[in-house]
Structures are given as C-alpha cells and as structure tokens.
Amino acid sequence: MPEKKQEALFQQAVDGEQKVEPRDWMPEGYRKNLIRQISQHAHSEVVGMLPEGNWITRAPSLHRKTILLAKVQDEAGHGLYLYSAAETLGIGRDELIDQLLSGKAKYSSIFNYPTLTWADIGAIGWLVDGAAIINQVMLTRTSYGPYSRAMVRICKEESFHNRQGYDILMTLSKGTPEQKAMAQDALDRWWWPSLMMFGPSDKDSPHSAQSMQWKIKRQGNDELRQVFIDRTVPQAEFIGLKVPDPKLKWNEQTQHYDWGEINWEEFNQVIKGNGPCNAERMAARRKAHDDGAWVREAALAHAEKKNKRNAA
Amino acid sequence: MSTTNEKDWPLWEIFLQSKKGLDHKHVGSLHAADARMAVENARDVYTRRGEGNSIWAVRASDIHASRPEDQGEFFDPADDKVYRHPTFYPMPEGVKYI
Ligand SMILES: [Fe+2]
Ligand SMILES: [Fe+2]
C-alpha cells in the first residue's frame with residue numbers, strides 16, 4: 001500500500017477514536033513524536049524523585065517519612081510504566097537511559113528547582129503533582145494504547161500525591177507564624193514554575209498542532225494551564241495562602257481567573273540547562289547509574305550461571 | 001519488539017490476576033535478569049496497592065502474536081457464521097427460558 005494511503009487510513013482510524021497499538025502501521029513522525037514525549041515523561045518521573053528524595057531522611061516525623069517514601073516509590077513506578085510504554089515503539093531501555101544521561105533527552109524543567117524547606121515538599125505534591133494530574137488525565141485519552149493505559153494506572157495513584165502535599169501545607173499554615181511563612185514562601189517559589197510545566201503557549205509550541213491532529217494530546221497547553229489555575233487558587237485561599245500574582249483576579253464574565261505573565265525567559269534558560277539544579281540532578285542520575293552497574297552485571301552473571309546449570 | 005542489548009536484562013511481559021476467579025490481565029513489562037526477579041519486580045512495580053494476588057511473568061521474546069496487517073483475512077472465518085449467535089434463531093412468543 002502506498003505511504004500516502006496508509007497515512008490517510010491511519011488518520012481516519014485516529015479520528016474515529018481507534019487506539020493505535022504497537023504492531024499497527026504508524027507514520028514515522030508519530031512514532032518519533034511519541035518516543036520523545038513518553039521518554040521525556042518517564043525521565044521526568046525518575047529525575048522528579050531527586051528533589052523529594054532530598055527530604056526523606058529529614059521529614060519532620062516518622063509518619064511523614066513513610067508517606068514521602070511511598071510517594072517517591074510511586075514516582076519510580078511511574079517512570080517504569082512509561083519506559084515500558086516507550087519500549088513498545090521499538091526503542092531499547094538502554095538507549096532511553098543513554099539519552100537521559102548524555103543530556104540528549106529532556107525532562108520537566110520543574111525538577112531543576114531546589115527543595116529548600118519541608119514546605120517545598122508540600123508545594124511539590126500540591127502544585128507539581130496537581131499540574132501533572134491535569135496533563136495526565138488528558139493523556140489517558142491519548143491515541144497510543146500503551147501510553148493511554150500507563151496514564152490510567154498513573155492517574156489512580158496521583159490523587160494521593162496531590163493530597164499529601166496539600167495536607168503538609170495546610171498543617172504548616174495552621175502552625176506558628178514561622179511555619180505559615182514557610183508555607184507561603186514555598187508557594188511563592190513554586191507557583192510560577194508550576195504554571196510553566198504546561199509548556200509554552202500553544203502558538204509558540206513546536207509540537208502542539210501535529211500532536212493534536214494525531215490525538216497524542218487532546219487539549220492545548222493554555223487550556224490546561226487555565227484549568228490548573230481555576231482549581232488551585234481557591235485551594236490556596238482556603239488555607240490562607242496568597243498566590244504570588246498581583247494580576248490574579250476572578251473574571252465573572254469568562255468564569256475563569258485572569259492572571260499575569262509567565263517569565264518565559266526563565267523557562268527557556270532552565271530548559272537549556274541553566275536552572276538552579278540542572279547539573280546537580282544529572283550528576284546524581286549518572287552516579288546512581290554508575291553505582292548500579294555492578295548489580296546489573298552480577299544479576300545477569302548469576303542468571304546465566306543458573307541457566308547453564310539447568311541445561312546441564 | 002524492542003531491541004535488546006547483550007548487557008541488558010531481558011524484557012518480561014507481566015500479567016496480573018486482581019482476585020481469584022478472574023483472568024490474568026496484561027499490565028505492562030519490565031526488565032529482570034531472571035524469572036524470579038521478574039516476579040518480584042512485578043510485585044513492586046505493579047501491585048503497590050493490592051492490585052493483584054497472582055503474577056505471571058513471560059519473556060517478551062517468547063510471545064507470538066497475530067499480525068495486525070492480516071487482521072481481515074485472519075479473523076474472517078468468524079464473521080460469516082451468524083448461526084453461531086443465539087440471536088440467529090427467532091423464538092416464538094410465549095416460549096420461555098431459552
Ligand atoms: Fe508521577
Ligand atoms: Fe506524582
């Protein structure tokens with residue numbers, strides 16, 4: 001069948017809401033686009049463990065420690081679901097990891113910000129996971145079957161992440177003036193980077209239009225960002241925290257919040273590798289990978305030895 | 001399906017039974033050096049909230065699948081045998097429990 005015809009049939013199936021499965025014919029661009037997006041998503045889950053992992057030993061109580069540990073463990077799971085989905089597109093795990101460690105692949109810019117206080121752990125769960133949920137709920141309807149199924153699994157776990165974060169900030173905001181100030185400071189620092197998580201405005205987003213046509217994405221970046229703002233601002237008010245945006249105002253007419261402007265220059269700098277923690281995050285990932293090399297080799301040698309013994 | 005490097009742990013497809021009496025269902029894949037590790041890793045990756053009580057791990061390279069491109073012909077024989085469905089047989093009004 002000629003390529004053009006195949007492409008038309010593919011688009012027709014996608015338009016008819018048929019999921020694409022690994023062995024189906026798909027345009028090369030669709031495959032590439034998905035590998036890029038799913039692996040970026042997987043890398044973000046994995047690198048995202050670092051800022052939170054930073055606080056596991058310092059969480060204020062055993063109770064908070066066990067919660068944070070479980071949350072970070074979930075993120076490891078999310079990374080694995082997503083690598084597994086990316087691999088169905090014909091790329092190996094080793095290649096995916098190489099792309100991350102060599103700096104060729106990107107991950108979410110949010111994880112290049114430092115977690116300075118315990119309140120930051122609250123802000124991450126509430127804002128960062130909150131923003132991720134909005135994006136991921138949309139992606140449960142993505143056209144690629146394995147990606148969509150991984151998203152369903154992830155979304156089931158995210159609610160806990162979101163709530164435990166809000167719970168941390170709620171507790172702090174009811175505490176001493178210092179604790180409340182700590183919560184406010186965390187919101188001040190994490191608010192704008194969280195809005196950036198949705199990516200550039202659709203008109204400036206290089207992959208948006210094609211991704212929408214292929215139904216990899218189902219809603220634009222700006223639309224999702226607005227959903228996040230509309231949901232989150234009342235939550236902040238409820239615990240007496242102030243969103244750091246002087247232009248933020250409820251608009252009766254649109255039934256949405258009006259809000260200020262994102263500093264896209266900052267976003268671009270962080271994406272380029274000049275964020276506060278880019279180098280630290282990559283160094284930590286590389287070290288973990290290198291330190292684990294002997295375990296990978298030993299386990300394989302052990303399996304081979306057992307195989308030989310069974311064959312004999 | 002995916003390319004595997006010699007140094008890599010092989011890929012395993014994981015199937016979970018959520019409770020006794022139900023089918024094992026495919027949930028995803030993972031890498032593990034051997035079968036035992038595959039089952040243990042599957043427990044950690046896919047059952048952190050009691051999602052399963054039984055795990056099957058199958059080497060991905062041992063799975064043989066039908067090809068999507070001959071979907072039409074391959075499944076064709078099932079299509080024209082309407083008499084396999086109960087609705088093919090009209091039942092007179094008044095006949096019960098059939
Ligand atoms: Fe996650
Ligand atoms: Fe999360």
Colleague: Working to the nearest 0.5 Å, report the span between CG of Asp8(B) and CD of Glu95(A).
Modeller: 10.5 Å

Colleague: Please flag which part of Asp74(A) lies under 4.5 Å from any non-hydrogen atom of chain B: side chain, backbone, both or neither.
Modeller: both

Colleague: To the closest 0.5 Å, what do you measure between CZ (Arg93(A)) and CH2 (Trp9(B))?
Modeller: 10.5 Å

Colleague: Can you measure from OG (Ser84(A)) to OH (Tyr46(B)) and round to the nearest 0.5 angstrom?
Modeller: 4.0 Å

Colleague: Evaluate whether atom CH2 of Trp56(B) has more than 12 neighbouring non-hydrogen atoms of other residues, nucleotides or ligands under 6.0 angstrom away.
Modeller: no

Colleague: Carefully, step by step, assess Glu157(A) and Arg48(B) under the rule side-chain contact (heavy atoms from CB on, under 4.5 Å).
Modeller: CA-CA 10 Å; Glu157(A) 303 182 344; Arg48(B) 283 190 303 283; 2.9 Å; yes

Colleague: Would you say that Ser29(B) contacts Tyr81(A) through its side chain, given a criterion of any heavy-atom pair below 4.5 Å between the two side chains?
Modeller: no

Colleague: Of all heavy-atom pairs between Ala33(B) and Ala299(A), which one has the smallest distance, and what is that distance?
Modeller: CB-O, 3.5 Å

Colleague: Any salt bridge between Asp24(A) and Arg67(B), counting N to O under 4.0 Å?
Modeller: no

Colleague: Are more than 12 heavy atoms, taken from residues, nucleotides or ligands other than Arg163(A), located less than 6.0 Å from that residue's CZ atom?
Modeller: no

Colleague: Can you tell me how far apart CE (Met37(B)) and CG (Leu300(A)) are? Round to the nearest 0.5 Å.
Modeller: 9.0 Å

Colleague: When rounded to the nearest 0.5 angstrom, what is the spacing between CZ in Arg153(A) and CD in Glu51(B)?
Modeller: 8.0 Å

Colleague: Checking Lys156(A) against chain B: side chain, backbone, both or neither under 4.5 Å from a heavy atom?
Modeller: neither

Colleague: Who wins among Arg149(A), Glu297(A), Gln73(A), His302(A) for the most heavy-atom pairs under 4.5 Å with chain B?
Modeller: Gln73(A)

Colleague: Using a 4.5 Å cut-off on heavy atoms from C-beta on, say whether the side chain of His31(B) contacts that of Asp94(A).
Modeller: no

Colleague: Would one find more than 12 heavy atoms of other residues, nucleotides or ligands at under 6.0 Å from atom CG of Asp23(B)?
Modeller: no

Colleague: With only heavy atoms counted, which part of Ala65(B) is less than 4.5 Å from chain A, the side chain, the backbone, both or neither?
Modeller: both

Colleague: For Lys81(B), does the NZ atom have more than 12 heavy-atom neighbours from other residues, nucleotides or ligands under 6.0 Å away?
Modeller: yes

Colleague: Tell me whether Arg36(B) at atom CZ has more than 12 heavy atoms from other residues, nucleotides or ligands lying less than 6.0 Å away.
Modeller: no

